[in-house]
*Asks:* 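Handing you this structure, nothing more for now.
Side chains are part of it too, since the values below use all heavy atoms of this structure and drop only hydrogens, waters and symmetry mates. The chains referred to below are lettered A, B, ... by the order of the sequence lines, with proteins before strands, and numbering in each begins at 1.
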Number of protein chains: 2
Amino acid sequence: MAPGTREKLIEVATRLLDEGGVEAVTLREVGRLAGVSHNAPYKHFASKETLLAAIAASELTRLNTVLTETTKRRRTPETALRTAMHRYVTWALEHPERFRLIFGRWSIESAELGEAAHLAQTTFVSMVAAAQDSGALPEGDPVRLASLLRALAHGAADLASAGHLAARGKGNAGPGDLVDDLFDYLRTVPSTSA
Amino acid sequence: MAPGTREKLIEVATRLLDEGGVEAVTLREVGRLAGVSHNAPYKHFASKETLLAAIAASELTRLNTVLTETTKRRRTPETALRTAMHRYVTWALEHPERFRLIFGRWSIESAELGEAAHLAQTTFVSMVAAAQDSGALPEGDPVRLASLLRALAHGAADLASAGHLAARGKGNAGPGDLVDDLFDYLRTVPSTSA
DNA sequence: ACCTGAACACCGTTCAAGT
DNA sequence: ACCTGAACACCGTTCAAGT
């Protein structure tokens, strides 16, 4: 039941990340809060970026689990997909620093993070394909349509979390509203009658 | 014709940003390359982040100029808007570090950067409204529709510049293709017959 | 008005050494 | 196998001082 130093380091580093962004994650402070010396982290992680990659992979894996669990019992493929995208933008707004860490640039390869990202994408594409089959989304290459949906959700979440989304005016559309708008538009697209 | 130290500092810092990301921009290296002491920058900028904000504001202003110039002579409002969005994603891919700097999180307020962002948004919304009037885009609140278009372009550019956009499969849709896809979908949306 | 040099309090990372 | 303490080469920032 003892958490183990490695897990403790990740836990503490995640807290520092949430509180002050990636700049606040210093190995010295991580070690201090974990009750070890300032370079004990090097016994578990090759570098600071490796620790950050472990955080990112852990969080993305958790997000994958939450999204698949949440959408399992939805009645229609469209509802499942919409729900997943809403949860995604909600998660991004609740954990802006984790969101930015995961989708930032990496100078190292992390197998763990790469696999989690691949799993997320595969799951998402199959959800899009199911919604296409149900007639809620237009026909065509599901990978390409999934890229469109993902780009919108990602961009809306990123702009909103950085405060760059139009906050003026009446409607005050949040990222979730933009997701709904896109779904509503796509619903009306006539079939290509291939 | 002498550039002046302040401009020289911005120029050198921009070069460092492009070459190695924001992490490579150290005031000491900026000073060294500008031929001044390692803390001469403090005579022109209150902090490192103030220097970064000056870079971001300068680049966003430049982008505004390029986009309005480029779209001036387009035949239709839709062509102008499409062109602007294509240029935007192209710029993001060509200058990924400037893109990420501008849209990252700021712990300081920069009036210069805020004004450039506001100008960009205002211009963009008016282009969207013109495209709506021409019938190329569905009716409705232009601010909200502009947010949708902007979120897509931003998300596509961000994912692509970080290498997170689906690179597998045949089509290999780039961010510009996603912009076109969205326009094609929106073109078919029936009018609300208000 | 603009710049310099020394100094302070931090970093990430390495290394020799301990159990 | 895991950890410590000292050390190195950096940072951003401040300050007294120079022209």
Side-chain angles (χ1 to χ4, degrees), chain A residues 1-58 97 100-101 104-110 112-113, chain B residues 1-58 97 100-101 104-110 112-113:
Chain A
M1 261 301 162
T5 302
R6 191 191 139 96
E7 280 66 37
K8 181 90 177 169
L9 291 170
I10 292 182
E11 175 198 321
V12 162
T14 304
R15 194 160 75 232
L16 287 172
L17 175 70
D18 287 338
E19 287 168 359
V22 73
E23 282 184 11
V25 184
T26 70
L27 290 181
R28 297 171 116 96
E29 184 70 2
V30 167
R32 205 182 63 78
L33 291 176
V36 292
S37 76
H38 73 278
N39 61 24
Y42 284 97
K43 309 307 164 184
H44 302 272
F45 303 97
S47 68
K48 177 179 174 175
E49 205 178 0
T50 309
L51 168 59
L52 292 175
I55 297 175
S58 165
E97 298 299 345
R100 290 179 103 77
L101 176 69
R105 291 196 130 181
W106 296 92
S107 65
I108 59 169
E109 285 291 322
S110 162
E112 215 185 347
L113 182 55
Chain B
M1 262 299 164
T5 302
R6 191 190 139 95
E7 281 64 38
K8 180 88 179 172
L9 291 170
I10 292 182
E11 175 198 322
V12 161
T14 303
R15 193 161 75 233
L16 287 172
L17 174 70
D18 287 339
E19 287 169 358
V22 74
E23 284 184 11
V25 183
T26 71
L27 290 181
R28 296 171 116 94
E29 185 69 2
V30 167
R32 205 183 62 78
L33 291 176
V36 292
S37 77
H38 71 279
N39 60 23
Y42 283 96
K43 309 306 163 184
H44 302 272
F45 303 97
S47 68
K48 178 179 173 175
E49 205 177 1
T50 308
L51 169 60
L52 292 175
I55 297 175
S58 163
E97 299 299 345
R100 292 179 102 77
L101 175 69
R105 289 195 133 184
W106 295 91
S107 65
I108 59 170
E109 285 290 324
S110 163
E112 214 186 350
L113 181 54

*Asks:* Show, in sequence, the C-alpha distance, side-chain angles and deciding distance for B:L52 and B:F45, and conclude whether the side chain to side chain contact (heavy atoms under 4.5 Å, CB included) test is met.
*Replies:* CA-CA 9 Å; B:L52 292 175; B:F45 303 97; over 6 Å; no

*Asks:* Convert the base pairs of DNA chain C into dot-bracket notation, remembering that pairs crossing earlier ones are written with [ ] and that bases paired across to another strand are shown as |; include only Watson-Crick or G-U pairs under 3.5 Å.
*Replies:* ||.|||||...|||||.||

*Asks:* How long is the span from the CD atom in A:E23 to the CZ atom in B:R105, to the nearest 0.5 Å?
*Replies:* 12.0 Å

*Asks:* What is the nucleic acid contact for B:V25, judged by heavy atoms within less than 4.0 Å: base, sugar-phosphate only, or nothing?
*Replies:* sugar-phosphate

*Asks:* Between C:dA17 and D:dC2, how far apart are the C1' atoms? Round to whole Å, please.
*Replies:* 13 Å

*Asks:* Using atom CZ of A:F45 as one end and atom C1' of C:dT13 as the other, report the distance to the nearest whole Å.
*Replies:* 16 Å

*Asks:* Under 4.0 Å from OP1 or OP2 of D:dC3: is there any side-chain N or O of A:H38 that close?
*Replies:* no

*Asks:* In whole angstrom, give the distance that lies between atom OH of B:Y42 and atom P of C:dG5.
*Replies:* 17 Å

*Asks:* Send over the distance from A:L51 CG to C:dC11 P, rounded to a whole Å.
*Replies:* 15 Å

*Asks:* Counting only side-chain N and O atoms of B:K43, is one of them less than 4.0 Å from OP1 or OP2 of C:dC3?
*Replies:* no

*Asks:* Take A:Y42 and A:L27 through the test side chain to side chain contact (heavy atoms under 4.5 Å, CB included) and record every step on the way to the result.
*Replies:* CA-CA 9 Å; A:Y42 284 97; A:L27 290 181; 3.4 Å; yes

*Asks:* Quantified in whole Å, what is the C1' atom distance between nucleotide D:dC3 and nucleotide C:dA16?
*Replies:* 13 Å

*Asks:* Are the charged groups of B:R100 and B:E97 less than 4.0 angstrom apart, N to O?
*Replies:* no

*Asks:* Whole-Å distance between C:dG12 P and A:E23 CD?
*Replies:* 11 Å

*Asks:* Expressed as a whole number of angstroms, how long is the span from B:L27:CG to D:dT14:C1'?
*Replies:* 13 Å

*Asks:* A:I55 vs A:L17, test: side chain to side chain contact (heavy atoms under 4.5 Å, CB included). Steps then yes/no.
*Replies:* CA-CA 9 Å; A:I55 297 175; A:L17 175 70; 4.3 Å; yes

*Asks:* To the nearest 0.5 Å, what is the distance between CD on B:E7 and CD1 on B:I10?
*Replies:* 6.0 Å

*Asks:* Let's test your reading of the model: under 3.5 Å, does the base of C:dG12 pair with the side chain of A:N39 as donor and acceptor?
*Replies:* no

*Asks:* Which nucleotide wins on minimum distance to the side chain of A:R28, given the candidates D:dT4, C:dG12, C:dT4?
*Replies:* C:dG12

*Asks:* Suppose the criterion is salt bridge (Lys or Arg N to Asp or Glu O under 4.0 Å): which pairs have a residue in residues 33-52 of chain A, not counting sequence neighbours?
*Replies:* none

*Asks:* Ignoring backbone atoms, test whether A:S47 places a side-chain nitrogen or oxygen under 4.0 Å from the OP1 or OP2 oxygen of C:dG12.
*Replies:* no

*Asks:* Nearest to the side chain of B:H44, heavy atoms from C-beta on, is which of C:dG12, C:dC3, D:dC3?
*Replies:* C:dC3

